[in-house]
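Structure, as structure tokens:
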Amino acid sequence: MKLPLSYYSNQDVLFLAQDLLGKVLFTEINDEVTAGIIVETEAYFGVLDKASHAYGGRRTNRTETLYSHGGVSYVYLCYGIHHLFNVVTSVKDEPHAVLIRAVEPLIGKNIMELRRNMSVDKAAISSGPGSAAKALGIDQSFNKKDLDGNEIWIEDHGIRYPSDDIIKVPRIGVAYAQEDALLPWRFFVKGNKYVSKPNTI
DNA sequence: TGAGTGATTTACT
DNA sequence: GTAAATCACTCAG
């Protein structure tokens, strides 16, 4: 059930970003397990992608995690408040990553409600990368963890979406990346209410 | 050691 | 739909 690290060593980050839709992301914190179905992702294409932190081979303390082997989590703090969860893919020294932008609550819904202080019936509970990470209890301490461990992992529950229901659009919040901002590297499940901006194409 | 910065959220018109 | 907040971290000096 748990995806092996070899799954993440695929060097086609665009394929993995789509394939991760429908997979189930688990976290376990203080014996409390929560999980959500991944319904929205974005691909970040390593050193060639101006929107990536690793663009041009940039390598610092922060981006070092991106250069790890596939199957490592990369948690990045944005705007000083929001934790964004990424899956590092490909092989060592190839800093490709997939950003998890939204999940559909599946297990531990009551725990998520406490964390977010709102009902799981509200789409806002896990739509948008900052909210989804918070609902799952992800913070800086999850940075650089192997995804086959006991704190955070991803399972395949056999959920598949027909290709017609997978929408490809330009990424969000990366206008500064100029021409790379137009690339259709954001993927989401059509009609799912937990997707951050379901009606935007 | 400190100025600069942002893969967003939230509230508001 | 649009606009403004905001703060902890990053990176370079």
Nearest whole Å is fine: how far is B/dT10 C1' from A/I81 CD1? 10 Å
What are the atom names and distances for every N/O pair under 3.5 Å that joins the protein to nucleotides 11-13 of chain C?
from	atom 1	to	atom 2	distance (Å)
C/dC11	OP1	A/T60	OG1	2.8
C/dC11	OP2	A/T60	OG1	2.8
C/dC11	OP2	A/R62	N	3.4

For a side-chain contact (heavy atoms from CB on, under 4.5 Å) with A/T41, tell me which candidate from A/V98, A/D19, A/L16, A/N86 qualifies. A/V98
Is it true that the side chains of A/T34 and A/R115 contain a donor and an acceptor less than 3.5 Å apart? yes
If I take atom CG in residue A/D139 and atom P in nucleotide C/dA8, what distance separates them, rounded to the nearest angstrom? 14 Å
Measure the distance from CG on A/L66 to P on C/dT10 and round it to the nearest whole Å. 12 Å
Check the distance between B/dT8's C1' and A/E42's CD and give it to me in whole angstrom. 12 Å
Base, sugar-phosphate alone, or nothing: which one does A/F85 contact when heavy atoms must sit under 4.0 Å apart? nothing
Salt bridge (Lys or Arg N to Asp or Glu O under 4.0 Å) contacts in which one or both residues fall within residues 70-99 of chain A, not counting sequence neighbours: A/R59-A/D93
So if I apply the side-chain contact (heavy atoms from CB on, under 4.5 Å) rule between A/I154 and each of A/I100, A/L20, A/V24, A/D148, which one comes out positive? A/L20
Run A/Y7 and A/D156 through side chain to side chain contact (heavy atoms under 4.5 Å, CB included) and show every step you take. CA-CA 11 Å; A/Y7 170 81; A/D156 186 351; over 6 Å; no
Hits for ring-ring contact (aromatic ring centres under 6.0 Å, His included) against A/F142, two or more places apart or cross-chain, chain-then-number order -> none
Verdict with reasoning, A/R186 to A/I167, per side chain to side chain contact (heavy atoms under 4.5 Å, CB included): CA-CA 8 Å; A/R186 172 180 174 232; A/I167 311 292; over 6 Å; no
Rounded distance in Å - NE2 (A/H82) to P (B/dT8): 9 Å
Could you give the CG-to-P distance, from A/L84 to C/dA8, as a whole number of Å? 16 Å
About how many Å separate NZ of A/K134 and CG of A/N117, when rounded to the nearest 0.5 Å? 8.5 Å
For A/Y74 and A/H53, test the side chains for any donor-to-acceptor distance below 3.5 angstrom and give the result as yes or no. yes
Does A/H83 reach the main-chain N or O of A/A133 with its side chain, forming a donor-acceptor pair under 3.5 Å? no
Any side-chain donor-acceptor pair under 3.5 Å between A/E104 and A/N192? yes
Please list residues of residues 13-23 of chain A whose heavy atoms come under 4.0 Å from any atom in DNA chain B, ordered by number; otherwise none. none
Using whole Å, report how far CG of A/L77 lies from C1' of C/dC7. 9 Å
Do we see a donor-acceptor contact under 3.5 Å between the side chains of A/S126 and A/S131? no
Does anything in residues 123-138 of chain A come within less than 4.0 Å of DNA chain B? Heavy atoms only, and list the residues if so. A/G128, A/P129, A/G130, A/S131
I need the CD-C1' distance between A/Q140 and C/dC7, as an integer number of Å. 13 Å
So what is the 5' to 3' dot-bracket string for DNA chain B, if pairs are Watson-Crick or G-U wobble with both distances under 3.5 Å, crossing pairs use [ ] and | means the partner sits on another strand? ||||||.|||||.
Using a strict cut-off of less than 4.0 Å between a Lys/Arg side-chain nitrogen and an Asp/Glu carboxylate oxygen, indicate whether A/E155 and A/K2 qualify as a salt bridge. no
Ignoring hydrogens and geometry, is there a side-chain-to-backbone donor-acceptor pair from A/K193 to A/D121 under 3.5 Å? yes
